[in-house]
Student: 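The structure follows.
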Amino acid sequence: MNIQRLEPMHAPTYRALMLEAYELHPEVFTSSVGERAALPISWWEGRLSQDTEAVELVVGSFRNHELVGVAGLSFESREKVRHKATLFGMYVPSRARGHGVGAKLVLAALAEARLRPGIRLVQLTVTHGNRSAEALYKKYGFVQFGLEPLAVAIGNEFVSKVHMWCKIEAPRGDAQV
């Protein structure tokens with residue numbers, strides 16, 4: 001298994017995997033398959049920019065050259081919240097589960113956050129009741145700080161989202177917030 005930051009050339013594969021995720025697990029993601037399918041490939045390529053100050057990045061897990069998991073990070077640009085990153089779009093298809101892919105993706109995302117100057121925390125939301133995802137995040141230092149009721153509408157039903165955060169230690173010489 002190889003974990004790496006995805007590049008724009010991975011956009012078609014990344015798009016296909018995420019459209020699968022939105023289709024199979026609508027309760028997990030805030031975006032819908034229809035919304036994301038309508039986006040041009042340039043949008044997906046932009047999310048995979050290699051710029052050192054990109055507002056988003058995505059790490060992926062490859063097994064035998066097949067993309068078998070992804071996790072994204074978005075970084076705030078507004079002055080008062082630049083110390084925060086958000087983990088988003090974590091997905092490991094059922095065919096790749098049970099091999100530690102999710103754990104490696106979380107660790108890779110946290111490592112990427114630590115590389116970004118000034119980042120002090122990573123936050124995320126997870127669908128309430130998704131015990132395996134909550135347990136994975138807790139294992140790597142995330143703690144719950146809230147529960148958002150009626151967070152996502154799936155047809156006429158609603159799911160709540162658990163809000164979690166993880167402190168990122170400041171590198172030596174970096175000013176503390």
Side-chain angles (χ1 to χ4, degrees), residues 2-26 28-62 66-93 96 101-127 130 133 136-137 140-142 145 148 151-152 161-171 174 177:
N2 175 34
I3 305 285
Q4 67 184 63
R5 184 170 169 180
L6 298 185
E7 301 175 24
M9 70 177 189
H10 295 117
T13 307
Y14 172 55
R15 178 185 182 273
L17 186 66
M18 290 310 299
L19 292 180
E20 171 188 316
Y22 302 136
E23 178 75 31
L24 296 177
H25 305 283
V28 173
F29 298 97
T30 304
S31 298
S32 73
V33 67
E35 290 168 332
R36 292 298 197 217
L39 293 170
I41 197 70
S42 60
W43 182 88
W44 298 88
E45 291 168 342
R47 181 168 262 190
L48 306 180
S49 168
Q50 294 299 291
D51 186 328
T52 57
E53 295 184 22
V55 295
E56 294 180 321
L57 65 85
V58 178
V59 292
S61 175
F62 290 87
E66 177 190 5
L67 185 62
V68 294
V70 292
L73 275 179
S74 65
F75 299 94
E76 287 284 351
S77 59
R78 295 173 294 164
E79 182 180 343
K80 293 181 180 182
V81 290
R82 280 190 201 140
H83 63 285
K84 298 179 189 181
T86 301
L87 191 148
F88 70 86
M90 171 106 165
Y91 179 61
V92 177
V101 175
K104 288 180 177 154
L105 287 168
V106 170
L107 289 171
L110 291 173
E112 289 285 348
R114 286 184 187 94
L115 291 174
R116 189 67 70 106
I119 296 299
R120 295 293 173 269
L121 69 90
V122 175
Q123 57 193 4
L124 60 83
T125 62
V126 61
T127 301
N130 187 342
L136 174 66
Y137 296 131
Y140 294 103
F142 285 87
F145 69 88
E148 181 181 359
V152 177
K161 291 286 187 172
V162 175
H163 290 255
M164 302 179 85
W165 76 287
C166 178
K167 184 176 182 180
I168 300 296
E169 295 298 325
D174 203 4
V177 174

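Predicted model, so just to flag it, every value in this text is computed and none were measured. Hydrogens, waters and symmetry mates play no part in the numbers below; they use all other heavy atoms, side chains included.
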Student: Donor-acceptor check, side chain of Glu79 to backbone of Ser77, threshold 3.5 angstrom: yes or no?
Tutor: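 Absent.
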Student: Restricting to salt bridge (charged side-chain N to carboxylate O under 4.0 Å, His left out), what partner residues turn up for Glu23, sequence neighbours left out?
Tutor: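 For Glu23, no residue satisfies salt bridge (charged side-chain N to carboxylate O under 4.0 Å, His left out) once neighbours in sequence are set aside.
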Student: Using modelled atom types and a 3.5 Å cut-off, is there a donor and acceptor pairing between side-chain atoms of Gln50 and backbone atoms of Leu6?
Tutor: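 At least one qualifying donor-acceptor pair exists.
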Student: Please enumerate all residues that pass salt bridge (charged side-chain N to carboxylate O under 4.0 Å, His left out) together with Glu7, with sequence neighbours excluded.
Tutor: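 Partners of Glu7 by the salt bridge (charged side-chain N to carboxylate O under 4.0 Å, His left out) criterion come out as none, since no residue qualifies.
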Student: Does any N or O in the side chain of Arg5 come within less than 3.5 Å of the main-chain N or O of Ser49, such that one atom is a donor and the other an acceptor?
Tutor: yes
Student: Treating Arg15 as the side-chain partner and Ala37 as the backbone partner, does any N or O pair qualify as donor plus acceptor under 3.5 Å?
Tutor: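 Side chain of Arg15 to backbone of Ala37: a pair is present.
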Student: Over all heavy atoms of both residues, which pair between Leu67 and Gly60 is shortest? Give the atoms and the distance, please.
Tutor: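 So the minimum-distance heavy-atom pair works out to CD1-CA, 3.9 Å.
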Student: Test: salt bridge (Lys or Arg N to Asp or Glu O under 4.0 Å). Region: residues 42-53. Which pairs qualify, not counting sequence neighbours?
Tutor: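 Applying salt bridge (Lys or Arg N to Asp or Glu O under 4.0 Å) to every pair that reaches into residues 42-53, excluding sequence neighbours, yields Arg47-Glu56.
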Student: Can you name the closest pair of heavy atoms from Leu110 and Cys166 and give their distance?
Tutor: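 Smallest interatomic distance, heavy atoms only, reads CD2-SG, 4.3 Å.
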Student: So which heavy atom on Leu105 is nearest to which on Val59, and how close?
Tutor: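 Minimum heavy-atom separation between Leu105 and Val59: CD2-O, 3.8 Å.
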Student: Can you classify the ring geometry of His25 versus Tyr91 as parallel (below 30°), tilted (30 to 60°) or perpendicular (above 60°)?
Tutor: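 If you compare the ring of His25 with that of Tyr91, the planes turn out tilted.
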Student: Which heavy atom of Leu124 sits nearest a heavy atom of Phe142, and at what distance?
Tutor: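 The answer is CD2-CE2, 3.4 Å.
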Student: Classify the angle between the aromatic ring planes of Tyr22 and Trp44 as parallel (below 30°), tilted (30 to 60°) or perpendicular (above 60°).
Tutor: tilted
Student: Does Lys161 reach the main-chain N or O of Val28 with its side chain, forming a donor-acceptor pair under 3.5 Å?
Tutor: yes
Student: Where is the tightest heavy-atom contact between Ile3 and Ser61, given as atom of each residue plus distance?
Tutor: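 Heavy atoms only, the tightest pair is CD1-CB, 3.4 Å.
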Student: For residues Phe29 and Val152, determine if any side-chain heavy atom of one lies less than 4.5 Å from a side-chain heavy atom of the other.
Tutor: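 No, too far: nothing below the 4.5 Å cut-off.
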